[in-house]
Protein chains: 2
Amino acid sequence: MNSYTATATAHPNIAFIKYWGNRNASLRIPDNGSISMNLNGLVTKTTVTFREDSEEDVLILNGKSASYDALQRVRSMLNLVRTITGIKQAACVESENNFPTGAGIASSAAAFAALAAAASKAAGLDLDEPALSRLARHGSGSACRSIPSGFVEWLPGDDDLSSYAISIAPPQHWNLVDCIAIVRELPKSVGSTTGHGLAPTSPLQACRVTDAPRRLEICRKAILERDFDTFAKITELDSNLMHAVMMTSTPSLFYWSPASLKVMAATSRWRADGIPVCYTLDAGPNVHLITTTEYVDTIKKQVQEIQGVQRTLCATPGGPVSLTLSSD
Amino acid sequence: MNSYTATATAHPNIAFIKYWGNRNASLRIPDNGSISMNLNGLVTKTTVTFREDSEEDVLILNGKSASYDALQRVRSMLNLVRTITGIKQAACVESENNFPTGAGIASSAAAFAALAAAASKAAGLDLDEPALSRLARHGSGSACRSIPSGFVEWLPGDDDLSSYAISIAPPQHWNLVDCIAIVRELPKSVGSTTGHGLAPTSPLQACRVTDAPRRLEICRKAILERDFDTFAKITELDSNLMHAVMMTSTPSLFYWSPASLKVMAATSRWRADGIPVCYTLDAGPNVHLITTTEYVDTIKKQVQEIQGVQRTLCATPGGPVSLTLSSD
């Protein structure tokens with residue numbers, strides 16, 4: 001009996017210029033490019049084993065058998081790898097997160113980045129970074145950004161080959177910290193995949209997308225020049241733009257909770273007081289407060305005083321997806 | 001000594017399709033048309049007296065000398081009336097509201113509708129409804145909608161002559177009620193006039209404006225056909241669109257408070273439970289809950305249970321601006 005196994009770890013990422021809406025939903029070619037930072041310390045670890053004695057794919061998430069929907073999504077990725085390599089075996093996928101899933105921390109990004117790396121390696125492929133990023137994209141768009149290291153830009157492209165992410169600066173380039181104010185740890189009511197499909201129903205999406213190259217340019221330059229003030233303004237604007245589209249789609253999607261709004265308002269006051277901090281929210285109520293290492297303690301202390309904030313989770317810029325091969 | 005005096009009363013109005021942003025700021029020619037309902041029971045009463053013994057214009061608001069800024073805005077309207085009529089006298093303007101000012105209830109709309117009517121009449125003019133609506137528009141854009149009766153549409157036009165409001169249905173056409181959930185009675189931090197000027201800085205305003213004729217058509221038809229469900233959806237969408245533009249302007253304007261968000265979320269639940277109710281918010285945190293007479297008590301009871309709601313203020317569809325002439 002032969003089995004082929006590989007283990008990969010990946011970080012979730014937080015987008016400063018957001019991905020929302022697809023030009024091609026089945027290929028996950030996005031309406032606009034995006035820029036993000038990997039989150040060190042938050043890790044998904046995934047082991048994929050193709051085994052001849054298995055009849056069908058199995059998915060174990062945090063020690064438990066996964067739901068049918070989760071398994072189907074993982075199976076699509078495994079099928080892609082089987083198609084490329086000609087491997088016929090079923091796979092056992094075991095995955096663990098050390099952070100809450102489905103609450104505005106991009107758990108699917110880390111999950112599909114780790115899965116793409118582990119599955120392709122277990123199947124004997126040796127993909128380069130762009131190829132791995134493309135493969136991860138098929139599982140979850142933002143997963144392509146969890147493949148390269150540090151500060152990452154997803155080049156939207158216009159077909160499968162041209163749509164992948166690249167590193168624009170290594171983790172040590174800038175001492176940013178993402179302090180996530182966790183306001184609710186429940187899974188969100190509408191997942192991102194469904195949400196992306198609603199983007200075209202908002203009268204505002206076209207304007208958001210048309211303006212995206214301008215925002216990408218400003219954000220990229222601000223990161224490269226470590227210009228916090230410019231970075232803060234464009235990051236908050238971009239978050240507001242995405243939520244504006246969400247709130248004006250049909251049906252409307254409101255991811256902000258009253259506590260999110262309190263934290264956002266407080267962030268503006270803190271920045272006015274001279275603290276380098278800005279907010280950004282993904283498709284969930286948690287508020288990602290981006291600051292620099294010097295101010296982490298101040299921000300943590302202040303944000304925990306806000307009613308509705310349960311705890312904080314802080315992350316520095318993270319490295320790329322990482323592989324450990326072990327076959328028997 | 002001659003003096004010419006007139007008194008007028010006007011209602012504020014709540015817009016279902018919102019006015020935000022001007023094509024011509026000095027003439028207040030709006031970027032898009034709007035549709036509103038006058039609010040019966042909420043009244044501004046204004047008396048204008050042109051007197052030969054007065055040296056300069058005086059403004060008394062709710063019994064107190066008004067601020068310099070308020071006086072300047074009133075003076076502009078008086079100057080317009082003096083220019084048209086050739087009257088030279090200074091005026092004494094006394095105005096009273098029976099509702100809180102500057103908190104998302106359109107106090108300036110009622111104020112300038114009443115002022116336009118009282119000042120023009122006191123100066124001896126006998127303006128027809130479109131002319132009065134145009135005059136009121138110069139003081140505050142949305143004031144032009146407080147001139148006609150009941151359900152009102154502001155035809156945006158493209159110059160002074162073509163931009164005025166008309167009644168599309170009388171007050172008794174539909175038994176709607178605006179239950180205003182008052183969450184804070186403080187004056188707002190950024191007034192509407194400044195806010196309108198920021199609209200072009202949002203990347204989303206162009207899309208909001210381009211889509212406006214579609215929304216106006218849907219809303220007008222829903223009102224004429226008393227189709228609550230269609231009315232509810234387009235009204236909430238339009239409110240969200242305006243706030244989306246506000247939140248993405250530079251600087252960003254956030255008028256929603258945590259309590260506003262709670263009321264908005266509850267409104268969706270109530271409608272899902274079969275209650276005809278929808279929300280709309282102007283440039284302030286108060287939530288206007290639009291329902292029908294049968295459901296007012298239910299809505300009042302439920303909304304007052306939400307933390308942060310201080311009280312409610314309910315209004316049925318209101319009549320037009322109204323004049324009382326008394327000269328001595």
Side-chain angles (χ1 to χ4, degrees), chain A residues 18 32 183 189 200-215 218 230 232-269 271-272 278-279 281 285 306-309, chain B residues 18 32 183 189 200-215 218 230 232-269 271-272 278-279 281 285 306-309:
Chain A
K18 307 289 192 189
N32 60 278
V183 300
S189 51
T201 69
S202 167
L204 305 179
Q205 171 72 350
C207 280
R208 179 188 157 277
V209 169
T210 301
D211 183 61
R214 181 187 73 89
R215 299 193 305 278
I218 291 170
T230 302
K233 285 174 184 155
I234 202 71
T235 294
E236 290 191 352
L237 172 62
D238 195 85
S239 177
N240 293 342
L241 285 168
M242 181 178 73
H243 287 270
V245 167
M246 290 165 162
M247 295 185 299
T248 56
S249 64
T250 299
S252 67
L253 302 175
F254 275 77
Y255 288 108
W256 295 347
S257 72
S260 315
L261 210 56
K262 283 185 210 169
V263 175
M264 292 159 75
T267 305
S268 301
R269 292 195 300 272
R271 194 154 80 251
C278 67
Y279 65 76
L281 290 90
I306 296 173
Q307 205 196 354
V309 173
Chain B
K18 306 290 192 188
N32 60 279
V183 301
S189 51
T201 69
S202 167
L204 305 180
Q205 172 72 351
C207 280
R208 180 189 154 277
V209 169
T210 301
D211 183 60
R214 181 186 73 89
R215 300 192 305 277
I218 291 170
T230 302
K233 285 174 184 155
I234 202 71
T235 295
E236 290 191 353
L237 172 63
D238 195 85
S239 176
N240 293 343
L241 285 167
M242 180 178 73
H243 287 271
V245 167
M246 291 164 160
M247 294 186 299
T248 56
S249 65
T250 300
S252 67
L253 302 174
F254 276 77
Y255 289 108
W256 296 346
S257 73
S260 316
L261 211 56
K262 283 183 212 171
V263 176
M264 292 159 75
T267 305
S268 302
R269 292 194 301 271
R271 194 155 79 253
C278 67
Y279 65 76
L281 289 91
I306 296 173
Q307 204 195 356
V309 173

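Naming: A, B, ... by sequence-line order, numbering from 1 per chain.
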side-chain contact (heavy atoms from CB on, under 4.5 Å) with A:P258: which of B:P258, B:S260, B:S257? B:P258

Residues that B:C207 engages under disulfide (SG to SG under 2.5 Å), provided they are two or more places apart: A:C207

Is there any residue in residues 241-251 of chain B with a non-hydrogen atom under 4.5 Å from a non-hydrogen atom of chain A, and which ones are they? B:L241, B:A244, B:M247, B:T248

Which pairs, with at least one residue in residues 256-267 of chain A and sequence neighbours excluded, count as a salt bridge (charged side-chain N to carboxylate O under 4.0 Å, His left out)? none

Provide the closest heavy-atom pair for B:L261 versus A:W256 in the form atom of the first, atom of the second, distance. CD2-O, 3.5 Å

Who pairs with B:T230 by side-chain contact (heavy atoms from CB on, under 4.5 Å), at least two apart in sequence or on another chain? B:I218, B:A222, B:D227

Could you tell me which portion of A:R214 (side chain, backbone, both or neither) has an atom closer than 4.5 angstrom to a non-hydrogen atom of chain B? side chain

Once rounded to the nearest 0.5 Å, what's the spacing between atom OG of A:S252 and atom CE of B:M264? 8.0 Å

Can you tell me which of A:D238, A:D211, A:L204 forms the most heavy-atom pairs within a distance under 4.5 Å of chain B? A:L204

